[in-house]
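Down below is the structure, laid out as structure tokens.
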Amino acid sequence: MQHSSESVSPTAERGIRGIAIAVGDGISLFCTQLSGLALIAIVLICTFNVIGRYVFLHAFSWAEEAMVYCMIFVIFFASAAVTWRGQHLNLDMALRKFPKGMQRLIVYVGTLASVGLLVLLAATSWNVVAKLYRFGQLSEALGIPMWIPQSFVPIGLLLVALMMLLRLVAHDPLPKAHDFAAEDQEL
Amino acid sequence: MTLAIFAVMPIVLICLGIPIFLVLFAVSVAGILQLDLASLKVIQSAMFGGLDSFPLLAIPLFILAGDVMAQGGIARRLIALILSMVGGIRGSMGVAAIGSAAAFGAMSGSSVACVAAIGNLTIPTLVEQGYGKKFSTSLIAATGVIDIIIPPSIAMILYAITAQVSVTKLFVAGVVPGIIIAILLALFVMFKARMLNIQITARPKPREIVKAARAAIWAILAPVIIIGGIYGGIFTPTEAAGIACAYSMLISVHVYKELSWRDVWNISVRSTILVAQIMLLVAASTVFGWVITTSGMPQLFVSFVDSLHLDNWQILLIFNIVLLFVGTVLEPPPAILILTPLLVPIVVDAGIDPIHFGLIVTINLAIGMFLPPFGINLFAANALFKVPLPALYRGVMPFLVIYLIVLALITYIPELTTVPVGWVN
Amino acid sequence: ARVFGQNQIIMKLGTSTLQDSQHQWMIDFAKIVDTKSESRIKVEIYPASQLGATPRMIEQTQMATIQGVVTPPEFLGGINEAYGILSAPGEFSDLEHTARTLSDPELNDFVFSLGESKGLKGLGLFISGPTAFCTRTLWKTPEEFSGAKVRVLAAKLQQEQIRALGGTPIPMPPSEILPALQQGTLDAVMSCIPVMEGLGFMDGAKYFLETNHGSISSFAAISMEWFEDLPSDLQEIIVTAGQEATQTVKQFSIDDVSDAKAQWTKKGGEIVPLSADERRKFLDTLLPVGPKIVAENSGMQSAYDIYKAAIERTR
Ligand code: NA
Ligand code: NA
């Protein structure tokens with residue numbers, strides 16, 4: 001069995017790049033482990049809720065909410081790891097047609113613009129979360145403060161932005177030739 | 001300017017290789033600012049709200065269940081059993097894959113979940129038999145959408161509620177097209193198997209079947225428990241996904257002993273990556289849906305169509321094209337919530353049966369899920385099975401043709417839906 | 001407030017339902033506002049959860065990203081639990097009486113202000129329908145609910161009613177209810193007939209049991225932040241339009257209940273009328289739930305007293 005959260009970066013590096021790699025790997029590991037816990041929690045809550053309802057005639061009124069909030073946690077925290085691995089779904093056929101230097105420029109400008117957009121979104125999201133905190137708003141079923149699950153969104157967006165920047169420093173972010181080497185011949 | 005934001009901007013950004021979820025966010029932000037729709041704070045609520053949905057849980061849970069079954073020996077035994085039963089005709093494994101997807105469709109309402117669960121089970125064997133990874137993955141991506149056409153289907157429930165028609169009748173209406181699609185897909189796979197010269201496996205022998213069944217007894221119980229649990233009223237289709245996870249974990253660890261709990265943990269951690277890849281797209285698409293809803297564009301389109309005074313067949317043709325297009329960008333639920341209240345009055349006014357139209361909407365949105373370039377099943381298949389998108393785009397083309405033929409049949413021969421629906425009364 | 005080309009202010013209103021009294025309230029309100037404001041305010045109507053699920057529409061209203069929402073008050077429990085008292089069982093003589101209670105000025109003053117410090121201003125309170133059940137098997141007595149799995153909202157006052165009947169309260173998301181009824185994952189639903197008919201529950205639980213043991217209400221709320229930014233003449237118009245729409249929707253809600261009942265039978269459902277004695281048995285079991293639950297909390301107690309007084313005052 002392959003270990004699930006292996007480092008994206010194989011060798012020890014020094015300097016800024018080394019730091020970026022260490023930080024990226026660390027955050028990525030931390031986020032996927034927590035997300036794994038949340039995913040397991042969904043399975044457990046679901047199973048016990050079904051057993052409780054069918055066998056013991058007792059349903060947990062908070063089960064549905066807890067499962068959904070765990071899922072939202074998984075989505076936004078694991079997204080940081082997705083970013084670090086450069087695995088966000090995208091189409092780069094056109095990008096590959098450009099000369100290497102142009103590709104590099106596009107990737108750098110595109111990444112910086114994306115980071116800008118993510119920070120803007122995170123800031124507006126944070127506004128909403130802060131207001132929910134001030135209102136002391138509670139969730140319907142669990143009765144937990146609404147700002148907690150909602151803060152997964154801005155935190156996730158900021159983590160994604162951070163990982164994008166770290167990736168620029170740590171890796172060559174251009175599309176790799178081998179991603180497509182297999183196309184058609186082997187498929 | 002509006003055209004530049006909603007048509008030019010996404011194409012340019014996508015071509016530059018920007019992640020799709022960020023493209024949707026960028027277009028949404030630009031649309032909100034240009035049309036002065038609301039404060040940007042709405043994005044938080046739309047994004048959180050798009051994910052704060054119980055039925056969506058089926059996607060991460062079936063991704064996890066599929067992965068555990070694939071690694072823990074359940075999948076291998078189920079496939080061995082299927083292989084012992086199908087044989088003697090060319091393409092039997094491909095047909096078995098379609099049959100599995102259709103059966104899965106009968107118990108679940110989510111198409112991405114179907115791609116994850118059935119794909120994990122069947123694609124490795126299909127590849128082994130020589131169908132090629134591109135064809136196998138495209139087959140599953142295209143067959144997975146049968147899920148929202150075969151009842152139960154969340155999409156149909158939402159249509160029935162918004163169009164004020166009977167869910168049961170709509171469910172009944174979905175059976176015939178579901179079967180037609182499955183048969184046509186099966187015929188195509190058999191034809192393809194002949195072209196690829198896939199070996200004919202031996203005719204089924206009862207002794208072999210019994211042997212395989214005995215080896216697979218705990219594995220067979222997985223689908224039995226899932227289907228039985230739903231139809232026996234023990235759990236809902238969404239909860240079935242969680243039960244599937246728990247069951248396959250227990251069997252893999254304690255009965256087959258092919259996984260340790262540490263392996264289960266590692267599989268769960270790895271699954272979170274796939275979940276995030278796919279679900280982030282769902283979140284971004286809800287935000288985009290909010291912008292489209294409040295932009296006034298759907299209303300403009302409807303009054304434009306209304307002013308043309310078209311014949312019924314022309315109305316249906318235009319709606320088909322629009323629905324296909326909408327289906328590629330939006331998930332079926334937001335697409336239905338936005339469009340049904342607008343389109344159904346026109347349709348009813350023209351004397352078209354709203355149940356018949358409900359089926360047309362469902363099939364269109366189903367096709368949209370694997371229609372290049374944005375169909376979510378293509379992204380899911382790309383993430384799950386590591387097949388490049390351009391290969392998938394070419395791979396799904398024949399399936400697209402099949403679905404479009406069925407769509408044309410259903411659209412222009414209303415009896416295909418109205419007659420079976422008449423039987424339930 | 002956002003101002004458009006011709007100085008027009010856009011007011012987006014959302015609700016989760018379609019073609020019912022909540023939707024109708026928005027239509028009436030939009031017309032009245034348009035006339036009174038001479039089109040200075042344009043009300044845009046988004047039914048059928050087009051702007052998101054109810055809790056998210058409420059938040060959007062609080063954040064002023066949309067301007068208003070029409071919702072059952074049970075969904076506001078996370079903002080102020082006192083909204084929940086409108087779920088308490090109550091004995092109403094008929095729908096006219098329920099309508100009088102819900103538009104009682106003292107009750108309105110109280111309920112409309114409950115969310116003001118959290119960005120929500122109340123504009124109207126009206127009937128969706130009397131609280132009742134639909135069941136998979138023909139039940140006529142409280143005893144038959146013993147051990148039954150009954151779908152309710154997560155609000156405590158709703159859950160406790162099912163416990164009082166000896167059943168298991170199951171909060172379940174709307175899209176799962178019908179399949180759950182069809183497969184028997186649920187035995188019954190507690191709601192009102194326009195909702196049950198609108199969501200097609202007769203296809204899973206055909207018996208509509210008229211216990212009429214309370215009111216499922218609808219609450220129209222607007223964004224406090226947006227409202228405070230309006231010039232005072234427009235503020236006045238919004239408030240009066242809210243009152244007038246609540247009045248005009250009254251007859252619609254009453255008709256909607258009988259329409260929904262007619263549709264229920266037409267679509268294959270059955271209406272189970274209860275004799276006065278049979279209904280009394282349900283009331284005897286359910287009415288004590290309200291006082292029992294609110295006794296745990298002084299804020300809820302005083303809210304409940306206000307509601308109870310309004311019911312008696314308007315009888
Ligand atoms: Na289905
Ligand atoms: Na799509």
Side-chain angles (χ1 to χ4, degrees), chain A residues 1-5 32-33 35-36 38-40 42-47 49-50 54 64 67-69 71-72 74-79 81-82 85 87-95 106-107 110 114 117-118 120-121 124-125 127-129 149-150 153-154 175 179-180 182-184 186-187, chain B residues 14-22 25-26 29 39-41 43-45 47-48 51-54 56-57 60-61 64 71 132-135 234-235 239 241-243 245-246 249 263 265-273 275-281 283 373 379 382-383 387-391:
Chain A
M1 166 111 315
Q2 167 192 16
H3 196 270
S4 55
S5 34
T32 46
Q33 300 275 316
S35 302
L39 193 56
I40 298 274
I42 299 174
V43 175
L44 291 177
I45 297 170
C46 179
T47 309
N49 193 43
V50 166
Y54 194 74
E64 171 206 328
M67 285 189 271
V68 170
Y69 293 166
M71 172 176 76
I72 295 175
V74 172
I75 295 166
F76 284 96
F77 280 75
S79 283
V82 174
R85 292 163 193 229
Q87 287 181 342
H88 280 299
L89 299 166
N90 72 339
L91 297 171
D92 53 10
M93 297 92 86
L95 180 63
I106 292 174
V107 168
S114 300
L117 176 66
L118 286 165
L120 170 74
L121 289 178
T124 52
S125 291
N127 244 312
V128 173
V129 173
Q150 297 231 11
V153 178
D179 294 351
F180 274 77
E183 190 181 340
D184 275 353
E186 284 175 43
L187 295 171
Chain B
I14 283 166
C15 287
L16 293 179
I18 306 287
I20 308 290
F21 84 96
L22 277 172
F25 280 151
V29 168
S39 129
L40 285 180
K41 281 188 279 184
I43 290 179
Q44 161 75 11
S45 158
M47 198 181 338
F48 185 83
L51 297 171
D52 182 10
S53 152
F54 188 69
L56 277 184
L57 273 166
L61 290 174
L64 177 58
Q71 310 249 352
K133 195 160 184 191
K134 179 176 94 177
F135 178 79
I234 301 173
F235 40 73
E239 289 170 336
I243 300 298
C245 286
M249 287 172 184
D263 296 331
W265 166 249
N266 287 334
I267 292 173
S268 307
V269 170
R270 207 179 42 221
S271 296
T272 62
I273 298 284
V275 171
Q277 274 179 293
I278 295 166
M279 302 294 283
L280 206 51
L281 220 52
F379 289 117
N382 169 242
V387 179
L389 283 164

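The figures here come from the full heavy-atom set of this structure, side chains too, leaving out hydrogens, waters and symmetry mates. Small disclaimer: the values here were computed from a predicted structure and weren't measured. Chain naming here is simple, since letters A, B, ... match the order of the sequence lines and numbering starts at 1 in each.
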For B:M279 and A:V74, what are the C-alpha separation, side-chain angles and deciding distance, and is it a side-chain contact (heavy atoms from CB on, under 4.5 Å)?
CA-CA 10 Å; B:M279 302 294 283; A:V74 172; over 6 Å; no
Side chain to side chain donor-acceptor pair (under 3.5 Å) assessment of B:Q44 paired with A:Q150
CA-CA 8 Å; B:Q44 161 75 11; A:Q150 297 231 11; 2.9 Å; yes
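You'll find the side chain of B:F54 stays beyond 4.5 Å of the side chain of A:M71, heavy atoms only. The shortest side-chain heavy-atom distance between B:V29 and A:L121 falls under the 4.5 Å cut-off. The shortest side-chain heavy-atom distance between B:L51 and A:V68 does not fall under the 4.5 Å cut-off. With contacts defined as side-chain heavy-atom distances shorter than 4.5 Å, the pair B:F48/A:V128 does not qualify. Contact check for B:F21 versus A:N90: no side-chain heavy atoms found under the 4.5 Å cut-off. Side-chain contact between A:H88 and B:L22 is absent, with no heavy atoms from C-beta onward closer than 4.5 Å. The closest side-chain heavy-atom distance from A:F77 to B:T272 is not below 4.5 Å.
A distance of 7.0 Å separates CG of A:L39 from SG of B:C245, quoted to the nearest 0.5 Å. Atom CD1 of residue B:I278 and atom CD1 of residue A:I75 lie 10.5 Å apart, to the nearest 0.5 angstrom. Rounded to the nearest 0.5 Å, atoms CD (B:E239) and OH (A:Y54) are 13.0 Å apart.
Both the backbone and the side chain of B:I14 have a heavy atom closer than 4.5 Å to some heavy atom of chain A. Both the backbone and the side chain of A:L89 come within contact range of chain B, judged by heavy atoms closer than 4.5 Å. Using a 4.5 Å cut-off between heavy atoms, A:L120 touches chain B through its side chain atoms alone. Neither the backbone nor the side chain of A:L44 comes within contact range of chain B; no heavy atoms are under 4.5 Å apart. Residue contact with chain A, scored on non-hydrogen atoms closer than 4.5 Å, involves the backbone and the side chain of B:I20 alike.
Counting heavy-atom pairs under 4.5 Å between each of A:S125, A:A94, A:P149, A:P154 and chain B puts A:S125 at the top. By number of non-hydrogen pairs under 4.5 angstrom with chain B, the leading residue of A:S114, A:C46, A:A81 is A:C46. Interface remark: of the candidates A:A38, A:G36, A:G110, A:G36 forms the most heavy-atom pairs closer than 4.5 Å to chain B. With respect to chain A, the highest number of heavy-atom pairs below 4.5 Å among B:A276, B:A283, B:A383, B:S271 belongs to B:A276. Chain B forms the most heavy-atom pairs under 4.5 Å with one residue out of A:I42, A:V129, A:T124, A:V50, and that residue is A:V50.
Heavy atoms only, all atoms of each residue included: A:T47 and B:I243 are closest at CA-CD1, 4.1 Å. Of all non-hydrogen atoms in A:V82 and B:I273, the two that sit nearest each other are CG2-O, 3.5 Å. In terms of heavy-atom proximity, A:V43 sits nearest to B:G242 at CG1-O, 3.9 Å. Smallest separation of non-hydrogen atoms from A:S79 and B:L280: OG-CD2, 3.3 Å.
With sequence neighbours left out, the side-chain contact (heavy atoms from CB on, under 4.5 Å) criterion links B:S45 to C:R56, C:Q60.
Side chain of B:Q277 to main chain of A:Q87: a donor-acceptor pair is present (N/O by atom type, distance under 3.5 Å, no hydrogens or angles).
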